[in-house]
Amino acid sequence: MMDPQEALDPETLRDLREKRPLLWLSPSHDPADEGRDLLLDPSAAHARFERCAGLLARLFPELEASGGRLSSPLSPIPGLQRKLSPAGGPGAGSEGVWFLKRDDILPVAGSVKARGGFHEALALAERLALEAGLLDARGDRARLAEPPIREHLGRHTLSVGSTGNLGLAIGLIGAGLGFHAAVHMSSDAKAWKKDRLRGRGITVVEHAGDYAAAVASGRAAALDDPLIHFVDDERSEALFLGYAAAARELLDQLRAARRPVDAAHPLFVHLPCGVGGAPGGITYGLKRLLGPHVHCFFAEPTASPCMLVQVAAGLQAPVSVHDIGLDNRTEADGLAVGLASPLAAPIMSRLMAGVFTVDDDTLYRDALALERAEGISIEPSAAAGLRGPLWLLGSPHGRRYLQRHGLVPAIADATHVIWSTGGALVPEDIRALFRARGAGG
Ligand SMILES: *Cc1c(COP(=O)(O)O)cnc(C)c1O
């Protein structure tokens with residue numbers, strides 16, 4: 001195993017330990033690498049979403065209007081762009097156009113987890129119905145809403161370990177599809193999320209310890225029970241591919257917004273990262289479609305830069321943020337992960353351009369700035385990507401990236417997509433607390 005303390009240069013290691021926000025460029029990244037040799041197929045996920053649209057429209061009132069299609073708006077954020085752009089700085093007047101990808105208002109789950117969660121739950125429902133002979137391979141998926149199949153699914157438990165949002169997504173989606181749902185949560189998970197699940201009749205199992213402990217015990221409980229399917233946030237290919245399917249949606253939206261993506265018009269995507277599945281899957285899908293013209297940067301809390309340390313340390317063994325003396329304590333509960341996904345990390349060591357880190361105060365402040373400038377209210381974790389364009393345009397490492405890859409002449413014509421990952425289900429009293437903290441209270 002490569003020691004992360006040796007793999008990282010002394011300056012980066014010192015800044016990480018002192019929780020000083022930084023931009024780190026991945027040394028193993030090559031923008032031309034599209035991951036073509038990797039076998040996971042995002043088009044299979046896309047096809048599953050298509051054939052299940054009728055089913056989803058029938059089961060989830062929130063999806064009726066879209067005909068069962070899961071999608072979120074892509075919104076320009078000129079007010080926030082003006083507010084954050086460094087006036088007179090190196091990027092001023094030439095910072096391209098910024099958009100917010102509104103996964104914070106994805107239906108049912110109110111977070112990016114809807115993408116992975118719907119995909120994995122649908123894959124399981126299809127498989128169980130097929131195996132039981134209740135559906136044939138070409139059969140209409142809307143039949144999964146009818147009594148014989150629904151009763152069959154109800155004998156199975158969809159179980160998950162989660163800091164919150166994945167639990168919310170799997171619980172609400174699983175219950176909607178007819179499964180029994182059980183959510184294993186760490187004791188530090190937010191109370192309102194537990195209450196919301198319990199209010200829907202979903203079982204919440206609380207564990208002392210952090211997110212990793214909740215995942216481990218959820219996984220163990222499912223091990224020798226064939227009627228329990230454990231959604232494994234650290235290793236699930238079905239989740240990963242559900243996220244990857246977002247790439248095509250984004251591409252269609254950029255086209256509709258007349259934002260081309262090519263050598264003269266690069267696309268930069270700024271993605272909040274927890275375990276790495278959601279930003280990893282989205283990055284994977286985008287690299288497949290856009291190749292060298294898309295550059296994906298991950299945003300991690302200063303206390304939990306798990307993807308950074310794993311990729312920096314090499315991939316021979318798991319390395320956590322605790323290994324460099326960090327405590328993984330952050331209010332950004334969607335991102336409070338000490339150890340990166342062993343599925344996503346090796347893929348991201350190639351396809352992700354780099355990681356920037358954000359402290360909690362900045363998350364709250366930026367979430368409030370977004371609300372004031374655009375009237376968009378998101379949860380703190382979801383604000384992690386907002387400073388991505390500034391790191392790229394205004395820091396020495398960012399400028400080095402642009403120079404190294406010949407992007408300087410194209411920067412004024414670039415598109416920045418900041419992925420907003422959660423917030424719609426946050427209760428109003430909690431939003432008020434977020435605001436107060438953002439205002440410095
Ligand atoms: C889960 C989550 C993320 C990150 O997803 P991972 O797959 O854990 O990397 C980002 N933001 C929010 C709000 C989330 O809930």
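Side chains included, hydrogens not; waters and symmetry mates left out as well; all remaining heavy atoms used. Quantities reported herein were computed from a predicted structural model and do not represent experimental measurements. Numbering of ligands and ligand atoms starts at 1, following listing order.
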Nearest protein heavy-atom contact for [atom]: which residue, which atom, what distance?
atom                    : value
atom 3 (C) of ligand 1  : Lys113 NZ, 3.5 Å
atom 10 (C) of ligand 1 : Leu335 CD2, 3.3 Å
atom 8 (O) of ligand 1  : Val275 N, 2.9 Å

Exercise for the section: Assess the side chains of Asp359 and Thr302: does a donor N or O sit below 3.5 Å from an acceptor N or O? Expected result: no
Exercise for the section: Taking atom types as modelled, find out whether Ser75 and Arg102 have a side-chain donor-acceptor pair closer than 3.5 angstrom. Expected result: no
N/O separation below 3.5 Å, [X] to ligand 1:
X      : value
Thr421 : yes
Val112 : no
Asn165 : yes
Gly422 : no
Ala278 : yes
Cys273 : no
Gly274 : yes

Fill in the blank from the handout: Honestly, for Leu166 the part within reach of ligand 1 (heavy atoms, under 4.0 Å) is neither
Problem - Ser111 heavy atom under 4.0 Å from ligand 1 - result: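 Distance cut 4.0 Å: Ser111 fails for ligand 1.
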Output the list of atoms in ligand 1 that are nearer than 4.0 Å to some heavy atom of [X], sorted by atom number.
X      : result
Pro279 : 5 (O), 6 (P), 7 (O), 9 (O)
Pro272 : 4 (C), 10 (C)
Gly277 : 6 (P), 7 (O), 9 (O)

Exercise for the section: Working to the nearest 0.5 Å, report the span between OG1 of Thr362 and CG of Leu386. Expected result: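 If I round to the nearest 0.5 Å, the distance is 11.0 Å.
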Practice task
Report the relative orientation of the aromatic rings in His29 and Tyr401; use parallel for angles under 30°, tilted for 30 to 60°, perpendicular for over 60°.
Solution key: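 Rings of His29 and Tyr401: parallel, as their planes differ by under 30°.
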Practice task
Give the ring-plane orientation class for His405 versus His295, where under 30° counts as parallel, over 60° as perpendicular and anything between as tilted.
Solution key: tilted
Practice task
May I ask you to check whether Phe297 and Phe356 place their ring centers less than 6.0 Å from one another?
Solution key: no
Handout entry: Validation row, ring centre His416 to ring centre Phe268 under 6.0 Å
Key =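 That pair passes the under 6.0 Å test.
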Problem - Side chain His184, main chain Val205, donor-acceptor under 3.5 Å - result: no
Practice task
Check for a donor-acceptor pair, side chain of Ser28 on one end and backbone N or O of Ser349 on the other, with a separation under 3.5 Å.
Solution key: yes
Handout entry: Min side-chain heavy-atom separation Arg350-Leu38 under 4.5 Å
Key = yes
